[in-house]
Protein chains: 2
Amino acid sequence: MRKLAVAAFGGNALLQSGQKGTIDEQEKNAFETSEKLMVLIREKNYNLVVTHGNGPQVGNLLLNNTAGNKLYGLPEMPLDICVAYSQGFIGYVIEQQLRNVLMEHDLDRDIITIITQVLVNKDDEAFNNPTKPIGPFYSKEEADKISVETGSVFREDPRGRGWRKVVASPRPLVINNKKSIEKIAREGTIVVAVGGGGIPVFYKQENKLQGIDAVIDKDLASALLASQINADKFFILTDVSKVCLNYNTPQEKTLDRMNIAEARRYLAEGHFAEGSMAPKIRAAIYFVEHSGKDAIITKTTKLGIDDGGTRIVMV
Amino acid sequence: MRKLAVAAFGGNALLQSGQKGTIDEQEKNAFETSEKLMVLIREKNYNLVVTHGNGPQVGNLLLNNTAGNKLYGLPEMPLDICVAYSQGFIGYVIEQQLRNVLMEHDLDRDIITIITQVLVNKDDEAFNNPTKPIGPFYSKEEADKISVETGSVFREDPRGRGWRKVVASPRPLVINNKKSIEKIAREGTIVVAVGGGGIPVFYKQENKLQGIDAVIDKDLASALLASQINADKFFILTDVSKVCLNYNTPQEKTLDRMNIAEARRYLAEGHFAEGSMAPKIRAAIYFVEHSGKDAIITKTTKLGIDDGGTRIVMV
């Protein structure tokens, strides 16, 4: 029986910093990312679930949304709908390019992309202190006006680019369709799911789910999925080969392995940047603690290489 | 064993003519549409695949896309990507509202939304004569400029609103994931798939699938899916209870039943409007001819009522 792996990509697997984000660029990036997955599919022969971020893409979709409203008077869609757009888009591009790579390698594996909703709690303390900036920059006056109309919270950009909406990043509680995701993946079909951390939904009242203005951390949502579907391996993909202490200083030290007690201590000591390595470490700890299996943080070119990343282990 | 039904909705199941298309309107429409599906799920106890159009939604997404380019210089996305956006969006909203209705009725059925690619042939004769108008209206000068830059074809709007891009509507050949769709649906999970007729893709070369600027007729794609997954029933949902001859004339006659020879004759006699009833009749003929089972054209409020629609039968 094949083992089951979850591989979590950043939104930059499709759109890299410095690129404009044309469809040609994003398809090319997805193709190259897919080639690097071949080691897991062909050599390691895993069943596979691919998750992905959506930061750059959903940012552009929010801007399009605002522009369509300003220029053509179209109704603006809330953030959960923009996440749904981005799941359709990125999932389609990954599925198509992965399909092309599989055909080139003469591998007969099907791929399926699932629009994924993730349940959060409206009483999550994150809603009292929204911190995640999203969407376009506004003047103070525009921001105040929208804030009064919609209740949205705005913060001034630290780099002086204007005022920007901030949303909460609540903890993911339940991945919808997790049973189907596990079943389909264990039957050998590659599943693309939980894009952008999932579309955040909450119980507005009993028997009534509703989308909510929030962004779920995609590494944490992926860790939750990986532990709930009993994945054997959880790969968190980033742009460095290994996790480092004292990153970008003369005392920099790469880590081949750490246990979750060490990982927690390094986190507390501030070795890992928020919005970058810190959420990946937290996601790795979550998976290891809940599954008893190892998590690996690395870059795509090091996938499947034995000492190619940092292994996070229970003890 | 439960029987398997495919129900094809128009894009207006979420966005009705005269509405602005706010998310509140679309969620409310999806909830009401979902309530009407309960007769198939609860009383008739079908396994169910739901397909849907995307006309109004993809129109707005194309406008947003153009506006984001004009106002913020964002790269414009091609039509296949806009269809992918719309599948994510509409699938999410249908899944969520259907989930809410199922909870209200205390029914334990899961729902899954699949991003669906559909293969077309680049030699399809439809590409020689694109007829389907999409996206924003342009001046003659703008249209000429975009045409030179991109090769897109533009036609003047018959109602004088300007020039508009026209794309081909090629025949759907293969529904990707059809095996997974059938398997998941037959296990009892409700599947939402083939949104907007599917994302049109073609073989650019051997082992290389690529999206293409085209729109696949959603009724025909739904008929292809229904016949390929051996559905027992195919419901094509529209805004009239029954198909009519001499529609909207003093000689109007409603049809309870017609065989496919009669359906072909009425089509040839021009009883059914293009862009409206004609593609539904063609889709019904396709399904009946390829499956030997009956197709039913009706409105959602008549679902499950024995003489509630027009039944299209083999002989």
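Keep in mind that this is a model prediction, so the values were computed, not measured. Convention: sequence-line order gives letters A, B, ...; per-chain numbering from 1.
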- Mind ranking A:E104, A:Q117, A:K208 by heavy-atom pairs under 4.5 Å with chain B and telling me who comes out on top? A:Q117

- Message: How close do A:A221 and A:I175 get, counting heavy atoms only, and between which atoms?
- Response: O-CD1, 3.6 Å

- Task: Determine the option with the most heavy-atom pairs under 4.5 angstrom with chain B, choosing from A:T66, A:I181, A:N176, A:T116.
- Result: A:N176

- Query: Is chain B contacted by the side chain of A:L74, its backbone, both, or neither, given a heavy-atom distance below 4.5 Å?
  - Reply: side chain

- Going by atom types only, do B:S34 and B:Q97 share a side-chain donor-acceptor pair under 3.5 Å? no

- Message: Restricting to non-hydrogen atoms, name the atom on A:S222 and the atom on A:K218 that form the minimum distance, rounded to 0.1 Å.
- Response: OG-O, 2.5 Å

- Query: chain B: which of A:A84, A:S180, A:G68 shares the most heavy-atom pairs with it under 4.5 Å?
  - Reply: A:A84

Anything under 3.5 Å between a donor and an acceptor, one on a side chain of residues 185-207 of chain A, the other on a protein residue two or more places apart or in another chain? List them.
from	atom 1	to	atom 2	distance (Å)
A:R186	NE	A:E182	OE2	2.8
A:R186	NH2	A:E182	OE2	3.3
A:R186	NH2	A:I229	O	3.0
A:R186	NH2	A:N230	O	3.1
A:E187	OE1	B:K183	NZ	3.4
A:E187	OE2	A:K183	NZ	3.3
A:E187	OE2	B:K183	NZ	2.9

- Item | Minimum heavy-atom distance between B:E95 and A:I115, given as atom pair plus value | OE1-O, 4.1 Å

- Message: Heavy-atom pairs under 4.5 Å with chain A: which of B:N69, B:T22, B:I112 has the most?
- Response: B:I112

- Query: Which residue out of B:L209, B:I114, B:I81, B:I111 racks up the most heavy-atom pairs below 4.5 Å with chain A?
  - Reply: B:L209

- Query: Which answer fits A:Q96, side chain, backbone, both or neither, if we ask what part of it has an atom under 4.5 Å from a heavy atom of chain B?
  - Reply: both

- Closest-packed option against chain A by number of heavy-atom pairs under 4.5 Å, given B:Q26, B:Q210, B:K20: B:Q210

- Task: With a 4.5 angstrom heavy-atom cut-off, could you sort out which part of A:E27 is near chain B: side chain, backbone, both or neither?
- Result: side chain

- Message: Checking B:E25 against B:Q16: is there a side-chain donor and acceptor pair closer than 3.5 Å?
- Response: no

- Task: Describe, in one word, how the ring planes of B:F89 and A:Y85 are oriented to each other, choosing from parallel (under 30°), tilted (30 to 60°) and perpendicular (over 60°).
- Result: perpendicular

- Based on non-hydrogen pairs under 4.5 Å, which of A:N177, A:L61, A:I23, A:I90 is most in contact with chain B? A:N177

- Message: If only side-chain N and O atoms count, and only distance matters, is there a donor-acceptor pair under 3.5 Å linking B:D80 with A:Y92?
- Response: yes

- Could you tell me whether B:R159 atom CZ has more than 12 heavy atoms of other residues or ligands within 6.0 Å of it? no

- Item | Structural part of B:D110 lying under 4.5 Å from a heavy atom of chain A | side chain

- Message: Between the side chains of B:E32 and B:K28, is the shortest nitrogen-to-carboxylate-oxygen separation below 4.0 Å, so that they form an ion pair?
- Response: yes

- Note on the structure: So, the part of A:K70 with a heavy atom under 4.5 Å from chain B: the answer is side chain

- Message: Quick check on the interface: out of A:G21, A:S86, A:G211, A:A67, who has the most heavy-atom pairs with chain B under 4.5 Å?
- Response: A:A67

- Message: Heavy-atom cut-off 4.5 Å, strictly under: side chain, backbone, both or neither for A:L102 against chain B?
- Response: neither

- Comparing A:T113, A:V101, A:I184, A:L71 against chain B, the one with the most heavy-atom pairs below 4.5 Å turns out to be A:T113

